[in-house]
Amino acid sequence: QVQLVESGGGLVQAGGSLRLSCAASGFIFSINAMGWYRQAPGKQRELVAAVISSGSTNYADSVKGRFTISRDNAKNTVYLQMNSLKPEDTAVYYCNADVVDFRRREYPYWGQGTQVTVSS
């Protein structure tokens with residue numbers, strides 16, 4: 001079994017910053033892609049940013065230049081540094097990880113979600 005535990009959400013004024021963390025634990029051989037998704041009320045869940053094990057990243061156009069994703073492979077942890085936050089960034093943010101178990105099978109796992117609220 002694998003658990004993803006997120007932290008770092010909260011309430012911030014527009015223009016402010018937050019840093020999200022997500023730590024994976026359990027029966028993990030390795031982790032391929034790790035990413036952050038978000039879901040605002042009444043909207044579909046969308047990819048915010050992702051990083052693969054080599055460090056290559058991709059971002060949603062709406063966050064390019066403002067958000068930075070990074071990972072610490074030794075700690076099985078992914079981070080999302082969010083700067084210049086806007087009210088439209090308000091959403092529940094979910095961590096995702098493609099975990100490879102000791103039988104070399106890959107499964108996707110999700111965190112419980114953390115609320116980010118940006119006030120205008």
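Y37 and V116 sit in two unconnected hydrophobic clusters of ILVMFWY residues. Membership requires side-chain heavy atoms under 4.5 Å apart, directly or through other members. I28 and I52 are members of different hydrophobic clusters when ILVMFWY side chains are connected at heavy-atom separations under 4.5 Å. When hydrophobic clusters are built by joining Ile, Leu, Val, Met, Phe, Trp and Tyr residues whose side-chain heavy atoms come closer than 4.5 Å, directly or via intermediates, Y93 is grouped together with Y59. Clustering ILVMFWY residues whenever any of their side-chain heavy atoms sit less than 4.5 angstrom apart, transitively, puts V51 in a cluster other than the one holding Y79. Grouping the Ile, Leu, Val, Met, Phe, Trp and Tyr side chains by contacts below 4.5 angstrom, directly or via other members, places W36 with Y109.
For R105, the salt bridge (Lys or Arg N to Asp or Glu O under 4.0 Å) partners are D101, not counting sequence neighbours. With sequence neighbours left out, D72 forms a side chain to side chain donor-acceptor pair (under 3.5 Å) with no residue at all. Considering only residues two or more places apart in sequence or on other chains, E106 meets the side chain to side chain donor-acceptor pair (under 3.5 Å) condition with N32. Residues satisfying the side chain to side chain donor-acceptor pair (under 3.5 Å) criterion with K64, sequence neighbours excluded, are D61.
Shown here is F27, whose CZ atom has no more than 12 heavy atoms of other residues, nucleotides or ligands within 6.0 Å.
Distance OG/S7 to CD/Q112: 9.0 Å, rounded to 0.5 Å. We find the CZ-OG distance between R71 and S21 to be 14.0 Å, quoted to the nearest 0.5 Å.
Side chain of Q13 to backbone of S119: no donor-acceptor contact under 3.5 angstrom is found. Looking at T90, its side chain does come within 3.5 Å of a backbone N or O of V118 through a donor-acceptor pair.
Identified under the disulfide bond (SG atoms under 2.5 Å apart) test for residues 70-120, with sequence neighbours left out: C22-C95.
Across D89 and S84, no two heavy atoms sit closer than the pair OD2-O, 4.5 Å. Closest approach of M34 to I69, counting heavy atoms only: O-CD1, 4.0 Å. Contact detail for S17 and N83: the closest heavy-atom pair is OG-OD1, 2.9 Å.
N76 places none of its side-chain heavy atoms less than 4.5 Å from the side chain of S25. Under the 4.5 Å side-chain criterion, counting only non-hydrogen atoms from C-beta, L4 is in contact with V2.
Remark: of the listed residues L20, V5, L18, L20 is the sole one forming a side-chain contact (heavy atoms from CB on, under 4.5 Å) with T114.
Relative orientation of the W110 and Y94 rings is perpendicular, given thresholds of 30° and 60° on the angle between their planes.
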- request: Take V12 and M82, measure what side-chain contact (heavy atoms from CB on, under 4.5 Å) needs, and give me the verdict at the end.
  value: CA-CA 11 Å; V12 64; M82 304 185 293; over 6 Å; no
Quick one: side chains of residues 39-50, donor-acceptor pairs under 3.5 Å with protein atoms, not counting sequence neighbours, listed by atom name and distance.
| from | atom 1 | to | atom 2 | distance (Å) |
| --- | --- | --- | --- | --- |
| Q39 | NE2 | K43 | O | 3.1 |
| E46 | OE2 | R38 | NE | 2.7 |
| E46 | OE2 | R38 | NH2 | 3.3 |

